[in-house]
Each structure stands twice: as structure tokens, then as C-alpha cells.
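What follows is a single structure, written as C-alpha cells, with notes after it.
Chain letters run A, B, ... following the sequence lines, proteins first, then strands; residues in each count from 1.
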There are 2 protein chains.
Amino acid sequence: MTSNRPPTSVDVARAAGVSQATVSYVLNDNPNARVSEETRQRVRDAAARLGYVPDASARTLRTGRSGIVLVPLSPARTGGLVRDLLDDLGEELRPRGYTLVQYGERHLKGVPAAKVWAGLRPTAIIVEADRLTRASVDLLRASGTRTVIGFSDAPSPLVPAVVMDHESVGACAARHLAERGRRRLAAIVPREEGVDLMGVGRLRGVRQVAPDAERIDLAFTEEAARAVATRHDLPDGIFAYNDEYALLLMSALQDAGVRVPEDVAIVGADDLLLASLVRPRLTSVHFDTTATPAGMAAYIDELVRGDRTAEPGSVISIYGPRLIVRSSS
Amino acid sequence: MTSNRPPTSVDVARAAGVSQATVSYVLNDNPNARVSEETRQRVRDAAARLGYVPDASARTLRTGRSGIVLVPLSPARTGGLVRDLLDDLGEELRPRGYTLVQYGERHLKGVPAAKVWAGLRPTAIIVEADRLTRASVDLLRASGTRTVIGFSDAPSPLVPAVVMDHESVGACAARHLAERGRRRLAAIVPREEGVDLMGVGRLRGVRQVAPDAERIDLAFTEEAARAVATRHDLPDGIFAYNDEYALLLMSALQDAGVRVPEDVAIVGADDLLLASLVRPRLTSVHFDTTATPAGMAAYIDELVRGDRTAEPGSVISIYGPRLIVRSSS
DNA sequence: TTGTAGGCGTTATCAC
DNA sequence: GTGATAACGCCTACAA
């Protein structure tokens, strides 16, 4: 039983015959310490040989920076789009030395959420802008968070934000339905907590075009969809929040003998692959993004390293809507 | 500019007029230190007033335990089933004081993955059993990881494992197709790295029933699906790995003028809501689980706290297949 | 019942 | 160029 405690930098130093500080210098390429190339090699070799990995918490404690990019997302199904975006962003951040931590939280006893976030000493945090206050932003900043980025449907007065223009999505969908002659419009608003806000934003957009559009709250279950589909006063055009809800609704309507799109036209959003796989194909509002995940990763990196600053109220990346027409709906 | 460094336990101690140690005792309910109820109150009040949050890294460094349950999942789309499972598990673990960290990793320069995992000093880790060796398990154990749990399609000799019996899934699907008179079977194996292993397992199961079953490798894109669908020598029964691939394939077949299920019958798996929303409805192999996320969370907790031990080779939870017949496929 | 002190592994400021 | 040494914030014997 070789009680292999993981090797520390002291072990590496001993193995390389140098002091522990030298190890730290070499492994971090610290510029203000001049170390001979030969020594560097010895240190690197020793580290490799022992399989040395720096202890993340010790480094965090010492530096006050964790390399964690925290994304405390409301756990509810945020929809495929955000999920994919975050997955990609995480991939892009890793090679830059950051770790994207997705941290779904629901109840937080009584502790203000920002306190909990701060406890993790994240280097950066991306969070729904509505959950931020001036106080929480200050707390985060004070606790070493270099970059606070909001996620919202409009620029935030507190922080730079990634803006997804949900209103325009709704408006875009409604315009399409209206142009097709649909007069009695409705918009689905998900009942799921955390998504409902985006749903309301999209509804607002629909009502810009069709002020009388009905609001239909819908939980993501077949029963709930059936209840809607069997109403006797169905609208003739429905914006279904996104493609997943659109499919759910379409299925229920088909079961109820309602013809889609003849009787009720449906428009989804997010342009998931899903939308083009079902029959009839789903018309969907696609988000064009002005920044790729790679671009966002680079941007965050610059912000953290101080190579760039972003004012509160500024917009990092706008996700704008564009219509993808698929079926005849 | 109140350069509010976040309050430390020393600050709390000062505010409460006690020593720092007492703060630690009170806040952690340390049983072998007797502290008067009055002092406890003073400490708690001070902590609340200052908005004290323990520094996660300092605690981790000191105790050697992070409360992190690490899930270094291959990033490829693991499919909705695993994803949902992990989401739920995370919810269940949080109130128990653990943080489930999903950590998608792809390239890890040359560093052995286990070294990187160990660097985070996770309290527990759930990882595909194939990625574990005796050495990596030892390393993790030595670095303070209390619980290593495998994720596999068969019991692992190294660690207790959550077992999803992929072979049975394939066999179950194949049996269904054979009973419906399908003679020329095929099984889809995803090209996506990380999922392919499960795909191969499921294929094995299909071949238990139909030894001649063809293996079709398929990437999750419409082009790839089209290529398969336009073959002139299509099988008459296809097990599509899971519901998502099934839908992808079905769409392509419909585009190619192939009737589903008359010409080609398709069976999916995982019983996603999706499967019952599309037309024709997808027959799917459902996983019955003998343990709920809540149960797994409790189990992990017991393992970590030492209230329970699990031998290598033991099975934590079996996910077994059951057929859900939906359409006439 | 409470306080003192040592150390977890790292980085960074100094002398040498 | 390199090596002691002092924090970072917390937990926990042990002393008082």
C-alpha cells in the first residue's frame, strides 16, 4: 500500500535538486525570475516524472483567483440553445486555462445567492442580469471576481451583458404569422421557472405586432399541451416560445384532430435541428449571433486579464433573430 | 470605494468578540467543542451581519476535501437520458453539501486525465469505468477522493459502478423487430466520440438476437443521415441507438421516400418525450432504473461519510431495459 | 468553555 | 540566478 499522496511542488523541488520556489517560477513561466535553461529542464522533467499537478485550491487560496467561470443558471430546462452555447463556451475556455462550472441552483435556504457565488471565488461569472444588484456586483468584485457578465434581453446598467433580443424574436414570429393571414394570435409562455422570463420577453414582442395576442402559459408536459389543444377557441396562429414547446404543442394538436398548419399555424424558435426533422417541418426563428463561442471566450479572457475593459451598459454580443421558414405554416 | 474584501472568519471573530477558532467551532457545529449557547448566538449574528461566507478553497486546502462531485463526461452529446440524470443528481446532492461539477473535457494536452481530476481534489468522482485504471484509482484515492464510482455497461473490477445494460437494450430492440417479421436488421452506432462505446454495446445486444445485423456508423448530421437513407440496400429493421438518432434517421428516410415503418421499421431508445411527440410515434426502449437520483445521492453521501462501503465490482444501480411500443413499427 | 498555534500547498517578496 | 520565508483562510489538537 504505497500511500501515494499526490506529489507537491516540494517533492518536485527535491527530485530536481532545487528549491521549491524555483519550481513555482519555472512552472508558471514567471518572467521576473531568471532561471537557467538547464534548471528549467530539470524541473520540468521532475514534474513530468512525478506526475505533479498543482493543487487547485492552494493556488486559488494564494492568488485569490480560481480560474472558474461560474454560470449559476436557473436549473429549469433553459432550452437547447443556451445549453449548446454554454457547452461550446466551456470548450473554448478550457484551453485558455479557465474552467466553466455550471452550477444549477434552486433553493438557497436564506443565503443571498451572491454570497454563495462569492464563496467559490470565481474568476468570472455569467449570470442572468435580473439576479444582480449593485451590492451583489460589489461583493463579487471585492471577493476577487474580475469579470461579471450579465445575460439578459437588454443592456444592463450594472454590467456588460450578452444580450439576446427576445422581443425581436417574438415580433419576428408574429410578423410571419400575420403576413400569412393569421389574425387570432397567441404566444406560449413556459411555466418553468427561469425560462418564463424569456417567455414573457418573447410575448412582448408578439404583442408589438399583434397587441391582442393571447398569452398561454404551458408546462412542458403532454397533459398540459393536451389541455391547450382541446380548447374550443383555439387561435389560428401560435408562437410556441421555442422549437421544443412547438413540437409538444403540435403533437397535442394533431392528437386532437386539429390540422397543422391549416387550422393552426405554429412558429417555433431557436432553430434546433429538431425543427427540421419533424413533419411538418417547423418554421423557426433563428438566432444570429454576432459573436462565436470562441470569440466570447477570447473576450472574457481579455476582460479577466485586464487587456480590455467593458463599461456597465455595454453589449458583448447580440443575438438577433432571423426567420427560417420551413413548412407552409 | 469601499474595498470590501469579503469578510473572513477572523472578521467575524472580531465582531463577535471571540477567537477565530470559536467561530469555526460554532459555524461547523463541531461536537467536541462545547460553546455556550449565548456565544453561539453572538457568532451567528456577527456572521450573518457581515455576510460571511467561508472561502471554499481555504477549507478544501485545510481539510483535503472539496465537496465536489466531479463528473468528467466526454463532451459529446451524451444523449438526453444521461444529461437529465445528472441534472437531477446535482439537485439532490446540493442540499447534502456537495457540488456536482460537470466538467466536459476533450483534449488534455499530454496530462493523464486522472492527474487533472486529482488536481481538483474532488470528494467523489463519477466517471466512465473504461477511463479508469488501477493506477488512476489509487491516485485519486491518495489525493483525497473518498468515492470513485464507475459508469459502465458492466460491473467494473476496480470500483462500484452504475451499470446501464446496453446490451440488453440492443437485444430488446432486436427481439421486437424480429417478432414483427423483420429479417435484415441493422444497428446505428454513433460516430460521436464517447457515445460510440455505448453504441457498440447496444450493437452487441442486437447481434445476440440477430448475429448478422449490420453495423451502420452515423454522425449526428442531416447529411450523414441522408447518405444512409438513400442507400439502395436498406435493411428492413433498424435499431437507431437512441430516440434522437432515430428521429434523425426517420426524417431522412421520409425525405428519401421510404415509408416508415412499412418499408423500414425503426426502434429508438431512452424513451425521451420526443419519441411520443413525432409522427409516427417512435417505439423506444425505456430504461427502468432501480435507483432514483435521490437514492443515488444518499448512497454517495453514505459512501463519502464512511457509513457504508462498496466493494469493487459491486453494482450501485442497474438501469434495465423495457420496451415501449408506440407506433406499429 | 474558550484561545493559541501549526500547517494544508501555493505564490511572491526579498535577501543572498 | 536561486533560496528562505511569509502570507492566503481555514480547521483542529492541545493548552489554559
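- Not one side-chain nitrogen or oxygen of B:Thr22 sits closer than 4.0 Å to the OP1 or OP2 atom of C:dT1.
- Evaluation of atom-type donor-acceptor distances gives a pair under 3.5 Å for the side chain of A:Tyr25 against the base of C:dT13.
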Could you list, one pair per line, each protein nitrogen or oxygen that sits under 3.5 Å from a nitrogen or oxygen of nucleotides 7-10 of chain C, together with the distance?
residue : atom : partner : partner atom : Å
C:dG7   : N2   : B:Arg62 : NH1          : 3.0
C:dG9   : OP1  : A:Arg5  : NH1          : 3.3
C:dT10  : OP1  : A:Tyr52 : OH           : 2.7
C:dT10  : OP1  : A:Asp55 : N            : 3.1
C:dT10  : OP2  : A:Ser9  : N            : 2.7
C:dT10  : OP2  : A:Ser9  : OG           : 2.9
C:dT10  : O5'  : A:Tyr52 : OH           : 3.4

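- Other residues, nucleotides and ligands place more than 12 heavy atoms under 6.0 Å from the CZ atom of A:Arg96.
- Rounded to whole angstrom, the span from the CG atom of A:Asp29 across to the C1' atom of C:dT11 amounts to 14 Å.
- Under 4.0 Å is where a charged nitrogen must lie from a carboxylate oxygen, and between A:Arg59 and A:Asp55 no such pair does.
- Going from atom CG of B:Leu27 over to atom P of D:dG9 covers 16 Å, rounded to whole Å.
- Under 3.5 Å, the side chains of B:Asp301 and B:Tyr98 contain a donor-acceptor pair of N or O atoms.
- Among the atoms of the strands shown, only primed sugar atoms or phosphate atoms (P, OP1, OP2) are found under 4.0 Å from some heavy atom of A:Thr39.
- Salt-bridge check for A:Asp138 with A:Arg134: passed, with a basic side-chain N closer than 4.0 Å to an acidic carboxylate O.
- B:Arg42 and B:Asp45 are not joined by a salt bridge, as no carboxylate oxygen comes within less than 4.0 angstrom of a charged side-chain nitrogen.
- The distance from atom CZ of A:Arg65 to atom C1' of D:dA7 is 16 Å, rounded to the nearest whole Å.
- A:Ser57 and A:Thr60 share no side-chain donor-acceptor pair at under 3.5 Å.
- You'll find that the side chain of B:Ala21 is closest to D:dT12, out of D:dT2, D:dT12, C:dT1.
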